> 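Have a look at this one.
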Amino acid sequence: MSAPLLTIDNLRIEAGDRVLLEGLSFAVAAGERLAIVGESGSGKTLATRAIPGLLAPALDRVSGTIRFEGRELTALGDRGLRSVRGAGIGLVFQEPMTSLNPALPIGVQLAEGLKLHRRLDDAEVRRRSIDMLARVQIADPESCLARYPHEFSGGMRQRIMLASVLLLEPRLLIADEPTTALDTLSQREVLQLMVALTREMGTALLLITHDLGLVAEYTDRVIVLEKGVMVEEGETAQVLARPNHPYTAKLVGSLPRKDGDRAAIAPDAPAILRIEHARVDYPGKPGLFRAGTPIRVIDDVTLDVRAGEIVALVGASGSGKTTLGRTALGLKPLAGGRILFDGKDITRLDRVGERAFRRDAQLVFQDPFSSLPPHFRIGEIVGAALRHVPGLSAADRRERVRATLDDVGLAGFEDRRPHQMSGGQRQRVAIARAIASEPRLVVADEPVSALDVTIQLQVLTLLQRLQRDRGFACLFITHDLAVVEQIADRVIVLEKGRIVEQGPTDAVFAAPTHDYTRRLLAASPALALTETLAAQQ
Amino acid sequence: MKRSVHSLLGVGLVGALLVVVLLGLVWLPYDPLAIDLDHTLAAPSLAHWLGTDEFGRDVASRAMLGARISLLIAIQTVAISIVIGTALGLVVGFLRGWTERVIMTFSDALLAFPGILLALALIAVIGSSRHSIVIALAVAYLPATIRVVRGSVISIREREYVEASRVAGDSALYTMWRIVLPNALPPILVLATSLFGWVILSESALSFLGVGVPPPLPTWGNMLSSARPYMYAASWLSIAPGLCIVATLLGINMLGDALRDRLDPRDE
């Protein structure tokens, strides 16, 4: 093997008096695909920003050596680095919504790099841009040049971003969580394109991610970072099948596993929630003198959730699954159809009935950072729904809050405030808030997708145990099929506001009947990895 | 570090102001209304620390009494404007719909007039007195308060914890009062302190235009306006109330910033 393309030796990054990254050494060979894996705070993004010299020099002190094609990057000035960025090292960031300039047409943004690094004439720039857009499978690349970023979806934007980076034919492509903001299907498409194109062009790929499924499917070698220290390095298949370091083992162990000993729900159990022919419209964009045409987000959806059952609601982003969850709780107005809770239409409840419904149907939000009111103490937050329980004294309420917090593993946290807690702890609080009033239905809207992998497993296990102990029904909204397989009795697949498939989880996963479900299943890397690992054992 | 210096300075300035006002209740060097034609426009001396005005009245005594009147006007105006503006802004921003359209149309119509002009017109209608100044200025600054509160309420009502309060079964009133309002407080507090400054300046401007607190009662504003002809002959007449206004505004603003920082629950 010739000299590596990129060699990092003893990289250390400090900010103030904190060491964020220490003693990181690794090499990337030309054309190789390497993954850097770690949870938030592991320093994986810092490490990759340091390579093209993109850290804030005033805040962060960098020591160690970074050699790219025989040149020492840390010794290069800003001028020298600029010639390396783009032409030598290309970068794709996580958020396609903000990494393209919304004020410039796509064509201008693509041409920028070429003009800067290659000195080509306009016709040649145009020809190459169109060519590259076609290679990232943008339909009608010619007209794309004149359009603006907001006219494209997230997946399309990330492809355009990829095209603009690959136009310069870099030798190394750094992709920092390039598909985290995308839904399952676009995620797969973008990554496959990225891998195929880099292979074709002989570009090395450095993929930063927290998703082991992606690592297994798309990379040759993997580096595991924990709190700024590299704990493991090796061939991807080797590391995932037989992790040496306990932290890697923990990461691999955090992949969702199927819950084998779950008792089946009786098929004649009464439906606690019944949605009948529900339609929900969002107001369309209004014209100058007329109201907009409403956009249908939920279209003729009928479903049941039986008492004690866990039903997973699955779909890509924009499929309407979050809206459906809110609608089930009466938080969105219906354009048609009915919602029955315990046999009663929730839009026709009297005061007493409305109170009972609010106690009996609860919601767990996706983002534990915005769902807890910042000025309240945890005890007050968890006790919120208990204020509406008739005949419950303040002392009883305190006792219930204490018991609930105890149950979610946060005993004695009553007097803390949300900002003093970690993401996982906050999500436990959100769960405690939902179950404190002993509801019969909990709608959980992507309750673990904002959390780190190892925390995800803990929260999921907690939710599963609580459900088993307390027996509430759960409408579990998610895009992650591996999670569905772990916890759900039944799965409902939603596409563009319509139900395209539903049935027992095992049956749907074993033999999906609808094409959309098949595509979703095929696009789930974590699921594939779980199966591979299970087969090996 | 720098922050604590600011808040100390704010507390110091406002504290000094309060001491002067309280002291003025029990003791003033001279009768601030007593005319002494033998000693008009006297320069600052041991007898008259800040000199005397064109009627021989003691400037220090008048500034102390003026502090009381100016502050009372400012506090009353800000209180009325903030309380009513916050209530309206909260309701309008939280409920949206036709309530919002009606109230915001009126508020925007008011906003279209320059504040001072509006106050002038109102005073012309209800007559010039201390109370009419308070009412006129409170009305003039109401639209700005409604706008600020409404904007911050609109952004807060979309947060998930507001939805969570609905799921818990809370009434709209409870959600507004206990969940939305506390989170909307920081910008309101900042607005209140800047409003305080504007009111003191506007009251000065109204006095300057001759519709302020009627003489012979002193406010910092009418002291400034009557000092204008003597700007060169007796500069102390303008400097004393001017410095009072500057020090007060500085103190109040620093105190407001410090208060806002303290109120933020994320900042321990």
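Below, read A as the first sequence line, B as the second, and so on, with proteins coming before strands; counting in each chain starts at 1. Scope of the values below: all heavy atoms of this structure, side chains included, with no hydrogens, waters or symmetry mates. Note that the coordinates shown come from a computational prediction; the quantities given were computed from them, not determined experimentally.
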> Only heavy atoms, only distances under 4.5 angstrom. Which residues in residues 387-398 of chain A are near chain B?
A:Arg387, A:His388

> Quick check on B:Phe106: does its CZ atom have over 12 non-hydrogen neighbours (other residues, nucleotides or ligands) under 6.0 Å away?
no

> When rounded to the nearest 0.5 angstrom, what distance separates OG in A:Ser370 from CD in B:Glu160?
4.0 Å

> Give, as side chain, backbone, both or neither, the part of A:Phe357 having an atom under 4.5 angstrom from any heavy atom of chain B.
neither

> Check this for me, if you would: do A:Glu354 and B:Arg166 make a salt bridge, where the nitrogen-to-carboxylate-oxygen distance has to be below 4.0 angstrom?
no

> Between A:Leu329, A:Val364, A:Leu372, which has the largest tally of heavy atom pairs under 4.5 Å with chain B?
A:Leu372

> Grab the two heavy atoms, one from A:Ala384 and one from B:Asp170, that are nearest each other, plus how far apart they are.
O-OD1, 4.4 Å

> Might you confirm whether atom CG of B:Leu173 has over 12 heavy atoms from other residues, nucleotides or ligands at distances under 6.0 Å?
no

> Tell me if the CZ atom of A:Arg355 is crowded by more than 12 foreign heavy atoms within 6.0 Å.
no

> Checking A:Arg359 against chain B: side chain, backbone, both or neither under 4.5 Å from a heavy atom?
neither

> Taking atom OH of B:Tyr161 and atom NE2 of A:His375, what is their separation to the nearest 0.5 Å?
7.5 Å

> What pair of heavy atoms forms the shortest contact from B:Val167 to A:Gln362, and how long is it?
CG1-OE1, 3.4 Å

> Checking A:Ala436 against chain B: side chain, backbone, both or neither under 4.5 Å from a heavy atom?
neither

